[in-house]
**Q** 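Pasting in a structure now, in structure tokens, and then I'll have a few things to ask.
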Protein chains: 2
Amino acid sequence: MCSRCNYREILERAGLEATPGRMHVLEVVGSHPAPLSAAEIHRTVNRSRALDRVTVYRILDRLVEKKILQALSLGGRGRLFGLAPNEHHPAHPHFRCARCGGVQCLPPGGVRVDLAGVRRVFAGEIRRVEVQVEGLCANCLQRG
Amino acid sequence: MCSRCNYREILERAGLEATPGRMHVLEVVGSHPAPLSAAEIHRTVNRSRALDRVTVYRILDRLVEKKILQALSLGGRGRLFGLAPNEHHPAHPHFRCARCGGVQCLPPGGVRVDLAGVRRVFAGEIRRVEVQVEGLCANCLQRG
DNA sequence: CCCGTAATGCAACTATGTTGCGTTATGAGA
DNA sequence: TCTCATAACGCAACATAGTTGCATTACGGG
């Protein structure tokens, strides 16, 4: 997905060693067009290199903590992981098909959110807004 | 939360028997100001009446299926359940504190979402849009 | 080369949710 | 009222997602 991201540099700028495990996880997530579950990431990484399930979870936690990845809860059983918004990747909404459970990234800029009304009454600090769209994907729509 | 909702009537209009278990679950969810986890619902119901954990899950699934409740994935470990939007309860965004994990309902109408850009390029059918806000709640903000 | 620290592996555990199956309760019809 | 079919429920077992503790390994600085 991202030929513009230098993963080694991203890791080192975040103060993390660019270990083979982290590089591999980051490449798998970054080269996939939609967010992936920890299990999928583990499976994919292990096709080319042995990496423990727990290690994958720890790498993911670390990368989310450093805001290199973002974790999404989209209605499936667990979290999904994708590249966090950065200079190359603007934030974008996510779509989840209610029938097949498939997840897609929607175009950035395709949604405008106006939070003025919330800010007027909400006493906390707003850091991030995530828009999730649910419906039927093109495939499931065709097949009835 | 809702003195305007007649739970028995809601259940019967959905074609579900108004069993004590369902009534109780619905009262617990409906009278709480923020969405609850299945475990919290189970605990609360069992303070006044024995109801199996599995039965609670099955009741929740049934009520979500009939669109009486809605299930939310807000970044915690599991789903949270709240009353689905209806004539008395407009849809509203949800806030989750990144520090304490607490969840709040934000005012309806406080957010405007413009999906025109998505509809132009997305081939599927959009059924529901959920806006999730993350940040620090007023409490956590004070305590640093 | 030695040492401290960070990363990894492995086993066990917790939390959340699901399935199968037998039992109980409820409402419709005889 | 009695019988029966069906829906709801309880319980045990299982499945999935994620976490914790601790031992081992790898890496970089002296």
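FYI, side chains are in, hydrogens and waters are out, and symmetry mates aren't considered; it's all heavy atoms of this structure. Letters A, B, ... are given to chains in the order of the sequence lines, protein chains preceding strands, and every chain is numbered from 1.
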**Q** Grab the CD-P distance between B/E12 and D/dA8 for me, whole Å please.
**A**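 Atom-to-atom, B/E12 to D/dA8, this comes out as 12 Å.
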**Q** Between B/Q104 and B/P33, is any pair of side-chain heavy atoms under 4.5 Å apart?
**A** no
**Q** Any side-chain heavy atom of A/Q132 within less than 4.5 Å of one from A/R96?
**A**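 The answer is no, as the side chains (C-beta and beyond) never meet within the 4.5 Å cut-off.
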**Q** Could you state the atom-to-atom distance from CG of A/L16 to C1' of C/dT5 in whole Å?
**A**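 Value for this atom pair: 14 Å.
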**Q** For residues B/E40 and B/H32, is any side-chain donor paired with an opposing acceptor at under 3.5 Å?
**A**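 Checked: B/E40/B/H32 side chains show no N/O donor-acceptor pair below 3.5 Å.
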**Q** Measuring from the side chain of A/Y57 (C-beta onward, heavy atoms only), which nucleotide among C/dA7, D/dA17, D/dC9 has the closest atom?
**A** D/dA17
**Q** Rounded to the Å, how far apart are A/E17 CD and C/dA6 P?
**A**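 Computing the A/E17:CD to C/dA6:P distance gives 9 Å.
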**Q** In whole angstroms, how far is the P atom of C/dA7 from the NZ atom of A/K66?
**A** 10 Å
**Q** Out of C/dC10, D/dC9, D/dA12, which has the shortest distance to the side chain of A/V54?
**A**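 It is C/dC10.
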**Q** Starting at atom CD of A/E40, determine the distance to atom P of D/dG18, rounded to an integer number of angstrom.
**A**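 Answer to the nearest Å: 11 Å.
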**Q** With a 4.0 Å heavy-atom cut-off, tell me which residues in residues 42-53 of chain A come close to DNA chain D, sorted by residue number.
**A**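 The answer is A/R53.
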**Q** Would you kindly check whether a donor in the side chain of B/R77 faces an acceptor in the base of C/dT16, or vice versa, at under 3.5 angstrom?
**A** no
**Q** Classify the side chain of A/R58 versus the base of C/dG9 as yes if they form a donor-acceptor pair under 3.5 Å and no if they do not.
**A** yes
**Q** Between atom CD in B/E65 and atom C1' in C/dT18, what is the gap in whole Å?
**A** 15 Å
**Q** Check the distance between C/dT16's P and A/R79's CZ and give it to me in whole angstrom.
**A**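 So the two atoms are 13 Å apart, to the nearest Å.
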**Q** Strictly distance-based, threshold 3.5 Å: is any side-chain N or O of A/T55 a donor or acceptor partner for the main-chain N or O of A/L51?
**A**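 Checking the backbone N and O of A/L51 against the side chain of A/T55, no donor-acceptor pair under 3.5 Å is found.
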**Q** Taking the side chain as C-beta and beyond, is there a heavy-atom pair between A/L106 and A/H92 under 4.5 Å?
**A**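 Counting from C-beta outward, A/L106 and A/H92 never come under 4.5 Å.
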**Q** Which of these nucleotides, C/dT18, C/dT8, D/dT19, is closest to any side-chain atom of A/T55?
**A** C/dT8
